[in-house]
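For ligands, and for the atoms within them, numbers begin at 1 and follow the listed sequence. Hydrogens, waters and symmetry mates are skipped; everything else that's a heavy atom, side chains included, is used.
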Amino acid sequence: MARRRMVYEGKAKILYEGPEPGTLIQYFKDDATAFNAQKHDVIDGKGVLNNRISEHIMTALTGIGVPNHFIRRINMREQLIRAVEIIPIEIVVRNVAAGSLSKRLGIEEGTPLPRPIIEFYYKDDKLGDPMVTEEHIIAFNWASQQDIDDMIALALRVNDFLSGLFTGVGIRLVDFKIEAGRIWDGDYSRIIVADEISPDSCRLWDVKTGEKLDKDVFRRDLGSLTDAYTEVARRLGILPENKGNANGPKLVH
Ligand code: TMP
């Protein structure tokens with residue numbers, strides 16, 4: 001059998017050519033990185049958990065009409081996605097002060113924000129993903145004003161949905177990052193949610209105890225990342241069993 005073609009390798013995922021034009025296979029690695037890959041580790045099972053959690057969230061987003069790249073899960077570590085032109089902007093939505101916002105503005109972590117705050121970061125590892133404004137995005141042609149409006153609308157809909165989803169399982173959605181991609185339909189393009197939505201890209205705190213259930217566990221050396229992500233999967237009702245079973249995880253309800 002011919003070896004399939006790798007299209008892109010990132011820090012936590014690999015993209016392979018998909019079975020049909022306009023599709024890709026997204027493979028979730030066990031690698032965890034932080035601080036622009038200055039901190040790196042391989043965490044057994046992280047990729048399996050993120051594949052399953054991202055599938056769960058993207059499928060639910062499709063169900064409420066939020067367009068995204070997810071087509072279907074293929075196996076424990078891989079999912080079929082629509083190929084998109086990634087907009088080189090990370091969109092962060094914050095509900096509660098934490099992380100770089102707390103550091104930059106001196107607001108204590110855990111302080112609720114008066115309204116969701118959206119920030120943009122330019123995706124460039126060499127520059128350490130600097131924060132940028134809409135002015136930069138338009139001036140440097142990374143996206144148009146219409147694209148930005150679409151990205152903001154998508155991000156706020158994802159925020160509303162995810163906040164409710166996580167509140168329902170006793171988790172506070174502090175903040176998260178999404179990426180957006182462009183798909184073409186003839187001469188017209190649309191912006192859809194791409195990449196992944198998982199505990200790698202969200203801050204998730206237990207409502208009662210404040211315990212962190214996201215990548216900050218790794219960034220800040222707070223304990224077992226696998227335990228934290230497994231807990232998120234368990235609460236969402238999607239705990240994968242039978243690790244290593246190529247047929248994929250069994251649903252647990
Ligand atoms: P920050 O507080 O470090 O700016 O992070 C804001 C949110 O974005 C948080 O949920 C983690 C997520 N994030 C990523 O997904 N990738 C990144 O490279 C960074 C820095 C943050």
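- If you check which protein heavy atom lies closest to atom 17 (C) of ligand 1, you get Glu90 OE1, 4.0 Å.
- For atom 2 (O) of ligand 1, the nearest non-hydrogen atom from the set Ser198, Ala37, Ser100, Ala34 comes from Ser100.
- In this structure, atom 19 (C) of ligand 1 has no protein heavy-atom contact shorter than 4.0 Å.
- Assignment of Arg219 to the shell around ligand 1 is supported, since a heavy atom sits closer than 4.0 Å.
- Short contacts between ligand 1 and Phe176, defined as distances under 4.0 Å to a heavy atom of the residue, involve ligand atoms 10 (O).
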Set out, in order, the CA-CA distance, both residues' side-chain angles and the distance that settles side-chain hydrogen bond (donor to acceptor under 3.5 Å, both in side chains) for Thr209 and Asp206, then state yes or no.
CA-CA 6 Å; Thr209 65; Asp206 180 84; 3.0 Å; yes
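- Within the set Lys177, Arg203, Lys103, the minimum heavy-atom distance to atom 3 (O) of ligand 1 is found for Arg203.
- A salt bridge links Arg203 to Asp175: one of the charged nitrogens lies within less than 4.0 Å of a carboxylate oxygen.
- More than 12 non-hydrogen atoms from other residues, nucleotides or ligands lie less than 6.0 angstrom from NZ of Lys11.
- Within the 4.0 Å heavy-atom shell around ligand 1 one does not find Glu119.
- The shortest contact between atom 10 (O) of ligand 1 and any protein heavy atom is with Asp175 OD1, 2.5 Å.
- We find that Glu196 and Arg52 are not joined by a salt bridge, their nearest charged nitrogen and carboxylate oxygen being 4.0 Å or further apart.
- Tyr16 carries Arg4 over the face of its six-membered ring, with the cationic atom under 6.0 Å from the centre and within 45° of the normal.
- Distances below 4.0 Å separate heavy atoms of Gly99 from the following atoms of ligand 1: 2 (O).
- Partner of Arg73 under the side-chain hydrogen bond (donor to acceptor under 3.5 Å, both in side chains) criterion, chosen from Gln79, Gln26, Glu55, Glu78: Glu55.
- Looking at Thr62 and Asn68, their side chains do bring a donor and an acceptor atom within 3.5 Å of each other.
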